[in-house]
A.B. asks: 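The structure follows.
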2 protein chains.
Amino acid sequence: MDAIKHIPTIPLFQGLTPEHHAHVASIVVEKVYRRNQVIFSEGDEGNGFYVVISGRVKVFKLSPDGKEQILHILGAGEPFGEVPVFAGERFPAHAEALEETRVIFFPRASFADLIKKNPSLAMNMLAVLSRRLRRFSALIEDLSLKEVPGRLSAYLLYLSDKKNRETSLTLDISKAQLASLLGTIPETISRILTRMSAEELIESDGHRNIKILDRPGLEELASGERKLL
Amino acid sequence: MDAIKHIPTIPLFQGLTPEHHAHVASIVVEKVYRRNQVIFSEGDEGNGFYVVISGRVKVFKLSPDGKEQILHILGAGEPFGEVPVFAGERFPAHAEALEETRVIFFPRASFADLIKKNPSLAMNMLAVLSRRLRRFSALIEDLSLKEVPGRLSAYLLYLSDKKNRETSLTLDISKAQLASLLGTIPETISRILTRMSAEELIESDGHRNIKILDRPGLEELASGERKLL
DNA sequence: GATATTCATTGACTTATGTCAAAAGCGCGT
DNA sequence: ACGCGCTTTTGACATAAGTCAATGAATATC
């Protein structure tokens with residue numbers, strides 16, 4: 001259907017002419033996934049990539065015994081699944097819709113053509129991949145060099161920053177998802193939130209609402225200068 | 001100096017015309033770093049990126065208390081430090097020479113020009129970044145979903161595969177570096193190698209030589225189906 | 001509106017791995 | 001060959017976080 005109205009709003013296509021937008025629109029395919037539906041699995045052949053139009057998607061790794069590590073959660077306008085387009089081979093991770101999600105799909109071959117004729121599209125895609133590398137570096141750092149309280153603090157501060165430093169936060173994902181994003185398990189998240197409350201760093205209603213009481217304290221935790229009792 | 005003789009051998013520049021190679025050569029600067037010399041630090045402004053000509057470079061994150069996590073180790077022909085070129089901002093990690101190392105440096109602005117006129121250079125760079133994303137995904141998976149014996153097994157198998165499944169391996173890095181690459185500490189590496197020897201999976205001379213005795217056993221360890229006693 | 005189902009919390013326990021310290025092996029230069 | 005440093009190994013110990021299990025709260029289902 002009328003993908004054309006979405007194309008110009010996608011950051012990846014900023015700076016392209018209306019003709020190119022129309023061309024892009026002509027090669028894409030729209031798809032809808034319902035909550036928990038698999039979009040692709042690790043090891044699948046990647047014959048193109050996706051951009052989220054509405055809804056949210058998680059991209060994750062799975063261990064043989066079922067533990068998952070979320071690599072990222074994507075929302076409207078964000079592309080995913082590009083690695084096989086440029087590096088060949090297969091998807092390095094799984095992707096699943098977190099809720100009812102609309103995406104547009106770009107077949108590999110036609111996109112490769114397009115990018116060859118469009119330096120600014122190439123530059124945009126390079127920027128997308130570079131930003132993702134930066135985020136992955138941060139995730140690796142977190143997993144390897146920080147303990148869970150530090151990662152959780154960093155995540156709360158990140159949420160707060162997204163809402164220009166609002167102190168009242170609403171988690172946009174369940175505790176289980178949050179645990180998987182931070183490389184831990186829900187029980188650990190629970191215990192740490194309890195300890196953070198005990199130290200008056202935050203106030204939690206036990207659901208998805210958290211109020212930041214001591215931002216500097218959380219920053220110290222996130223950087224590792226401070227530890228929880 | 002005569003960078004021109006190196007340019008055509010670099011995978012990033014495969015598929016370019018000799019004229020383009022010459023052009024690339026005209027904008028690069030050669031630099032030499034001695035063992036342990038810092039190439040750039042996290043947070044530095046990135047005004048260009050590098051390609052290793054000879055020697056080896058480690059790119060790593062550092063925690064406030066000095067623990068390091070190596071993101072990757074690069075050898076001849078491999079580029080590093082590209083993220084700020086395309087995503088702006090600063091280097092997300094530190095880079096240091098592991099030994100006497102020669103690199104060529106590409107100033108950001110002239111490279112950006114070049115890439116706009118060279119679709120195949122853009123495609124090559126997209127491939128480089130995509131492959132790196134795949135490796136980072138694997139590292140995240142390892143750190144989050146595997147225990148150290150699994151990561152170490154995977155690394156030994158990787159070394160073996162590089163030498164077409166040779167069973168006699170020579171570690172190319174010290175145990176301390178290996179630990180930092182696998183997200184652990186030298187003591188843990190030592191203990192695990194001892195346990196692997198005890199189970200006759202490997203034979204180690206205590207230095208940098210390891211012989212693989214039971215490849216399937218290591219594969220089971222790497223995938224998590226098996227555990228060390 | 002009552003019950004089923006999922007999700008969050010809490011407790012007791014286990015375990016992998018980090019910390020600290022000491023000893024042992026090896027390389028190196030005088 | 002000898003002692004000085006560095007890396008590796010080994011030991012005793014500490015601890016963060018995972019596992020398992022039970023309870024409680026919240027939401028959905030009939």
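By convention in this document, chain letters (A, B, ...) are assigned in the order of the sequence lines, proteins followed by strands, and residues within each chain are numbered from 1. Basis for what follows: all heavy atoms, side chains included, without hydrogens, waters or symmetry-related copies.
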A.B. asks: So do B:P11 and B:N124 actually touch side chain to side chain, heavy atoms under 4.5 Å?
C.D. replies: no
A.B. asks: Between C1' on C:dA16 and CD1 on B:I185, what's the gap in Å once rounded to a whole number?
C.D. replies: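 That distance rounds to 11 Å.
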A.B. asks: Taking only side-chain N and O atoms of B:T188, does any of them lie within less than 4.0 angstrom of OP1 or OP2 on C:dG18?
C.D. replies: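 Yes, B:T188 has a side-chain N/O under 4.0 Å of OP1/OP2 on C:dG18.
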A.B. asks: Just jot down the ring-ring contact (aromatic ring centres under 6.0 Å, His included) partners of B:F13, sequence neighbours excluded, or say none.
C.D. replies: B:F106
A.B. asks: Using a 3.5 Å distance criterion without hydrogens, assess whether the side chain of B:E78 forms a donor-acceptor pair with backbone atoms of B:G75.
C.D. replies: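 Side chain of B:E78 to backbone of B:G75, a donor-acceptor pair under 3.5 Å: yes, one is there.
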A.B. asks: Which nucleotide in the list C:dA8, C:dT9, C:dA12 gets nearest to the side chain of A:S174?
C.D. replies: C:dA8
A.B. asks: For side chain to side chain contact (heavy atoms under 4.5 Å, CB included), just list the numbers for A:S168 and A:N209, CA-CA rounded to whole Å, side-chain angles, deciding distance to a tenth of an Å, and then say yes or no.
C.D. replies: CA-CA 7 Å; A:S168 294; A:N209 298 302; over 6 Å; no
A.B. asks: Rounded to the nearest angstrom, tell me the gap between atom CG in B:D65 and atom P in C:dC20.
C.D. replies: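 About 10 Å, once rounded to whole Å.
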A.B. asks: For B:E199 and B:L229, indicate whether the former's side chain and the latter's backbone hold a donor-acceptor pair under 3.5 Å.
C.D. replies: yes
A.B. asks: For nucleotides 22-27 of chain C, list the nitrogen or oxygen atoms of the protein found under 3.5 Å from its nitrogen or oxygen atoms, one pair per line.
C.D. replies:
from	atom 1	to	atom 2	distance (Å)
C:dC26	OP1	B:H207	NE2	3.4

A.B. asks: Strictly below 4.0 Å, N to O, side chains only: are A:E219 and A:R215 in salt-bridge contact?
C.D. replies: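 A:R215 and A:E219: salt-bridged.
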A.B. asks: Please report, rounded to the nearest Å, how far the P atom of C:dA16 is from the CD atom of B:E187.
C.D. replies: 18 Å
A.B. asks: Take atom CD1 of B:I189 and atom C1' of C:dT17, then tell me their distance rounded to the nearest Å.
C.D. replies: 12 Å
A.B. asks: How close or far is atom C1' of C:dC20 from atom CZ of B:R191, stated in whole angstroms?
C.D. replies: 11 Å
A.B. asks: What residues in residues 148-155 of chain B put a non-hydrogen atom under 4.0 Å from any atom of DNA chain C?
C.D. replies: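 By residue number: B:V148, B:P149.
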A.B. asks: If I take atom CG in residue A:N209 and atom P in nucleotide C:dA8, what distance separates them, rounded to the nearest angstrom?
C.D. replies: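 To the nearest whole Å, that distance equals 13 Å.
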A.B. asks: Report yes or no: does A:S160 contribute a side-chain atom to a donor-acceptor pair with the main-chain N or O of A:L156 at less than 3.5 Å?
C.D. replies: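 Looks like no, no N/O pair under 3.5 Å.
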A.B. asks: For DNA chain D, which nucleotides open and close the run of contacts to chain B, 5' to 3', at under 4.0 angstrom from a non-hydrogen atom?
C.D. replies: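 On DNA chain D, the outermost contacted nucleotides are D:dT8 to D:dA12.
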A.B. asks: In terms of side-chain geometry, is the basic nitrogen of A:E141 or A:K146 positioned less than 4.0 Å from the acidic oxygen of its partner?
C.D. replies: no
A.B. asks: How long is the line joining CG of A:L143 and P of C:dT17, in whole Å?
C.D. replies: 15 Å
A.B. asks: Rounding to 10 degrees, work out the angle separating the end axes of the helix from C:dG1-D:dC30 to C:dT30-D:dA1 (five pairs an end).
C.D. replies: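 Helix axis angle between the two ends: 40°.
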A.B. asks: If you define the side chain from C-beta out and look only at heavy atoms, does anything of B:L178 sit under 4.5 Å from B:R208?
C.D. replies: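 Side-chain contact under 4.5 Å: no.
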A.B. asks: Around atom NZ of A:K211, are there more than 12 heavy atoms of other residues, nucleotides or ligands at under 6.0 Å?
C.D. replies: no
A.B. asks: Have a look at A:K227 and say if it touches a base, only the backbone sugar-phosphate, or nothing, with a 4.0 Å heavy-atom cut-off.
C.D. replies: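 Sugar-phosphate contact only - A:K227 comes under 4.0 Å of backbone atoms but never of a base.
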A.B. asks: So which one's nearest nucleotide on DNA chain D is more toward 5', A:T184 or B:A176?
C.D. replies: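 Its nearest nucleotide being more 5', the pick is B:A176.
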A.B. asks: By the definition side chain to side chain contact (heavy atoms under 4.5 Å, CB included), identify the one residue from B:F80, B:Y50, B:Y33 that meets it with B:V57.
C.D. replies: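 Testing each of B:F80, B:Y50, B:Y33 against B:V57, the sole residue satisfying side chain to side chain contact (heavy atoms under 4.5 Å, CB included) is B:F80.
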A.B. asks: Mapping B:S204 and A:L228 onto DNA chain D by nearest heavy atom, which one lands closer to the 5' end?
C.D. replies: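 Taking each residue's closest nucleotide, the earlier one in sequence belongs to B:S204.
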A.B. asks: Nearest whole Å is fine: how far is C:dT15 C1' from B:I192 CD1?
C.D. replies: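 Rounded to the whole Å, the gap is 13 Å.
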A.B. asks: Given 3.5 Å as the limit, does a donor-acceptor pair link the side chain of B:K61 with the main chain of A:D142, or not?
C.D. replies: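 Flag not set: sc B:K61 to bb A:D142 has no pair under 3.5 Å.
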A.B. asks: Strictly by salt bridge (charged side-chain N to carboxylate O under 4.0 Å, His left out), give each pair with a member in residues 87-100 of chain B just once, sequence neighbours left out.
C.D. replies: A:R134-B:E89, B:E45-B:R90, B:R56-B:E99
A.B. asks: Report yes if some heavy atom in the side chain of A:T184 is under 4.5 Å from a heavy atom in the side chain of A:L152; otherwise report no.
C.D. replies: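 Side chain of A:T184 against side chain of A:L152, heavy atoms only: no contact under 4.5 Å found.
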